[in-house]
**Q** 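Please read through the structure below; I'll follow up with questions.
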Amino acid sequence: MFKDISEVKSALAAQQYIATDEIATVVYLAQKLQKPLLVEGPAGVGKTELAKAWAGAAKQELIRLQCYEGLDETKALYEWEYAKQMLYTQLLRDKLHDLLSDSKTLAEAADKLADEEDVFFSKRFLLPRPLLRAIVSETPTHLLIDEIDRADAEFEAFLLEVLSDFQISVPELGTIKAQHLPVVILTSNNTRELSEALKRRCLYLYIDYPTAEAELRIVKLKVPDLSPQLAKQAVELVQRLRKLDLKKHPSVSETIDWARALVMLNSKSLDQKTLENTLTVLLKHEHDVMRAQRLLSEFTIGDEKEEGEDDDDDDTVPPLPRRSSPKR
Amino acid sequence: MEDRIVEFVNGLRAAGVRISLAESADAFRATEHIGIIDRGMFRAALRATLVKDSVDVPTFERLFPLYFGSGGPPMFDPNQELSSDDINKLKDAVRDLLGDDDRLQQLLRYLLEGANPTREEMERLANQAGVPLARHPYQQQWLTRRMLRQLGLDEEFQELMAQLFQKLEQMGMSREAMQRLAQIAEENLQRLEEQFEQYVGMQIAQNAAKQPRERQTFRGPDLMNRSFSSLNEREIAELRNQIRRLASRLRSRAALRQRRGKRGALDSKRTIRANLRHASIPIELKHRRRHLKPKLVLICDISTSVRAVVEFMLRLVYELQDQIHSARSFVFIDDIRDVSAEFAQHRPEIAVQKVLDDNPPGYYNTNLGYALTHFCKEHLGTVDHRTTVIILGDGRNNYASPRLDSFQEIKKRARKVVWFNPENRRQWGTGDSDMLVYEPLCDSVHIVGKLAELAEAIDHLFESR
Ligand SMILES: Nc1ncnc2c1ncn2[C@@H]1O[C@H](COP(=O)(O)OP(=O)(O)OP(=O)(O)O)[C@@H](O)[C@H]1O
Ligand SMILES: [Mg+2]
């Protein structure tokens, strides 16, 4: 338990997470009010990272449920281990035979077998998936439900039930109730609207792209080898790119990737050549790269490009290396 | 402070943010933990508990300083900068110049002496300017200017100031002191304007919150129940902002139905097949899946009379894509065009805009009969026994043939054919409307003249299976 907001902030910083006052306040509140926290914001602003850092700061296990289209209850909750059940059936075949051999009728044998059913549907054969793991955990945990907007609404409705009482019923076993209420963080990229019922239950945190100052701190933290001056320039440039009308704006993780690339290439300044070689780390659409190039020809220092009239013709842009950078 | 928070919640609601009782209770609990000393944290606490949707964040940011702001910067006190001799000269000059014109005296007291307007003075000016009747944020600037005018800040004010400075010069005030005084007046004018602006903003928010109940919670439903044809551009834009929310509500309903109707009867064939690997011991039970997600083909009239409805229809359907097995969309005025590709490439709001931009109204005459016939020739393959075909249009055919034969052909292949018509039943069959001859051939017909009706009609698509 964090005792105040500044403690949240420093604990997250110790996990290499730069939290704004707002983020720290909301994390503190979620813990105090024991409510799930729904985090929204553009891709790559550190939503998932926040969950990890929070769990790390609280020294608790982080259980992660990654959502995707088609995710259903069984994959989120539990599955029966068929193979193991089969193996036991095989190995116990003789025992079963003994048990059933003196039955006179089929019905009697079936009844006897039914009496032993519990053996095969016990916790021994239950394979817990993230939700059940969080519920049965002996120690308090953090449960991250990542990218909930990618799951079907049907799954969301089911999740709502689980979040409201943290108990689930397994038909073969009965009801299982959580020993400790997990800390729950949901993230969403807002690709679709979530249900009002779910949102009502949660605290809400919108994380936007960081300010230049915050982003610089993140870069310095994650890529300490980059010279402070270059880091500053890089962040300034990224911040300017975010003001352009692009298909996809560079995220924080892309700023970090870029900063790493600059270190790797041993760059000394953001000259035209460096930019040409590395811009594709930052921008993922060819069209965006071209637009950025136009902005940058004004941005780079000491670059003697003529102030031509506003030329929208893409042919004037020098050819670019194809993207070869790995996806994070 | 509790009262202030209650007022703030009401103000947010009036501005269209939906806040449940449970959520406002959360806000109180949160502020108990956070306290009110640190404004940033206090703000964060309210935001995390009251706002659950990124589109509402700007509203929150606009209203917060109105309810919890300082009320604007205090006036600058010239006593810090001018000698008492100069101050006395100033007072004499003002008295000489204005005699007992109370109004202007007051204005100069604010600007030159740094007096702050009292609550009562502010109220009186606001009443004179008509602030109590204002309900819309965009009136804030204008009303602020009116209050300043009430106070005497009009065209003649410049002249008055010139006379004042002339007088001060005659009384022997130094050039530097006069310059400083002018700066102070300038500065205080800005501060006064800011104070007024905050006051007016707060009043407007409170007035809006006092509106009758049904209007208060959500302006959407109000507009949702007005016919598309009666809405102006601003209202349409406001409705557009509510679409994702509306879609979310429809989605929750559809998803709940899916959940309830999920398991069909035991599918013995699939069960046996699945359990072959378990030595035919039926460990995995397979149930017949019900195909609850509808398969849609949309045929939309985008001539002028139906455009607005089509926009909302397409937006809603594609926002709900996850609840739909598949959707193909066609638009027509005189001829039919497959626009499904736009929706595969772009977000719904952008795709809709492109479709409408690419097919401007006004150049052609609607010809539904021809469009249906062409559809049968080119696109009939998109329709099968699971498909619900939706025709959205007013059934006005410019006296061309309705081509019932083509309609029948589509109907034969489809699971059903549903018609969405924005016109009232009363108008059907009048003029060039062929609605009465199409109607008996449809499995159902829905009137969709308002967004509320459209939403209900779409909801129906998920109901029947
Ligand atoms: N405030 C921060 N402090 C430290 N690192 C950060 C911060 N914000 C972002 N990052 C860095 O950015 C990277 C991307 O963050 P993360 O993957 O959590 O983003 P996300 O919001 O979950 O993105 P997505 O929506 O794509 O899942 C992280 O690896 C982390 O290094
Ligand atoms: Mg993530």
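Proteins come first, then strands; the chains are lettered A, B, ... in the order of their sequence lines, and each starts at number 1. Worth saying up front: this structure is predicted, and the values here are computed from it rather than measured.
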**Q** Which atoms of A/Glu40 come close to chain B, meaning under 4.5 Å heavy atom to heavy atom: side chain ones, backbone ones, both, or neither?
**A**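 For A/Glu40, the contact with chain B is made by the side chain alone.
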**Q** Write down the atom of B/Ser248, the atom of A/Leu194, and the distance for their closest heavy-atom approach.
**A** OG-O, 3.2 Å
**Q** Let me know if B/Ala247 has heavy atoms under 4.5 Å from chain A in its side chain, its backbone, both or neither.
**A**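 For B/Ala247, no heavy atom lies under 4.5 Å from chain A.
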**Q** Counting only heavy atoms closer than 4.5 Å, note whether B/Glu23 contacts chain A via side chain, backbone, both or neither.
**A** side chain
**Q** Could you give me the CA-CA distance, side-chain angles and deciding distance for B/Asp322 and A/Glu69, then say whether side chain to side chain contact (heavy atoms under 4.5 Å, CB included) is met?
**A** CA-CA 9 Å; B/Asp322 55 315; A/Glu69 209 179 320; 5.8 Å; no
**Q** Using side-chain heavy atoms (C-beta onward) and a distance below 4.5 Å, is A/Glu156 in contact with B/Arg251?
**A**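 No, too far: nothing below the 4.5 Å cut-off.
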**Q** Sort by residue number and list every residue of residues 346-355 of chain B having at least one heavy atom under 4.5 Å from chain A.
**A**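 Residues in range: B/Arg347.
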**Q** Should A/Leu38 and B/Lys52 count as side-chain neighbours, where that means a heavy-atom distance under 4.5 Å?
**A**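 Heavy-atom side-chain distance check fails, nothing below 4.5 Å.
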**Q** Do you know which of A/Asp208, A/Leu37, A/Thr191 has the most heavy-atom pairs with chain B at a distance under 4.5 angstrom?
**A**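 Top option by heavy-atom pairs under 4.5 Å: A/Thr191.
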**Q** Which atom pair, heavy atoms only, marks the closest approach of A/Thr25 to B/Ala45?
**A**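 Heavy atoms only, the tightest pair is CG2-N, 4.5 Å.
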**Q** I'd like to know whether CD of B/Glu456 has more than 12 heavy-atom contacts from other residues, nucleotides or ligands below 6.0 angstrom.
**A** no
**Q** Quick one: pull up NZ in A/Lys32 and CD in B/Glu32 and give me the separation to the nearest 0.5 Å.
**A**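 Spacing of NZ (A/Lys32) from CD (B/Glu32) equals 12.0 Å.
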**Q** Using heavy atoms and a sub-4.5 Å threshold, report which of residues 53-67 of chain B line up against chain A, by residue number.
**A** B/Asp53, B/Ser54
**Q** At a 4.5 Å cut-off on heavy atoms, which part of A/Tyr28 comes close to chain B: side chain, backbone, both, or neither?
**A** side chain
**Q** Does atom CD1 of B/Ile36 have more than 12 heavy-atom neighbours, drawn from other residues, nucleotides or ligands, at distances under 6.0 Å?
**A** no
**Q** Pick from B/Ile34, B/Asp38, B/Thr49: which one has the most heavy-atom pairs with chain A under 4.5 Å?
**A** B/Ile34
**Q** Count the heavy atoms of every other residue, nucleotide or ligand shown that sit under 6.0 Å from CZ of A/Arg217, and state whether that count exceeds 12.
**A** no
**Q** Rounded to the nearest 0.5 Å, how far does CZ of B/Arg47 lie from CG of A/Leu29?
**A**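 Between A/Leu29 CG and B/Arg47 CZ, I get 13.0 Å after rounding to 0.5 Å.
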**Q** Identify which of A/Leu203, A/Asp21, A/Leu33 forms the greatest number of heavy-atom pairs closer than 4.5 Å to chain B.
**A** A/Leu33
**Q** Could you check whether any side-chain heavy atom of B/Arg245 comes within less than 4.5 Å of a side-chain heavy atom of A/Glu196, counting everything from C-beta outward?
**A** yes
**Q** Of the listed residues (B/Ser252, B/Ala30, B/Ala22), which shares the most heavy-atom pairs with chain A below a 4.5 Å separation?
**A**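 Of the options given, most contacts go to B/Ala30.
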**Q** What part of A/Asn190 is in contact with chain B, defined as an atom under 4.5 angstrom from a non-hydrogen atom: side chain, backbone, both or neither?
**A** both
**Q** Need one label for A/Leu198: side chain, backbone, both or neither, based on atoms under 4.5 Å from any heavy atom in chain B.
**A**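 Contact with chain B is absent: no heavy atom of A/Leu198 under 4.5 Å.
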**Q** Give, for atom CD of A/Glu154 and atom NZ of B/Lys293, the distance between the pair rounded to the nearest 0.5 Å.
**A** 7.0 Å
**Q** How long is the span from the CG atom in B/Asp26 to the CZ atom in A/Arg200, to the nearest 0.5 Å?
**A**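 Those atoms lie 11.5 Å apart.
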**Q** Might you confirm whether atom CD of A/Glu213 has over 12 heavy atoms from other residues, nucleotides or ligands at distances under 6.0 Å?
**A** no
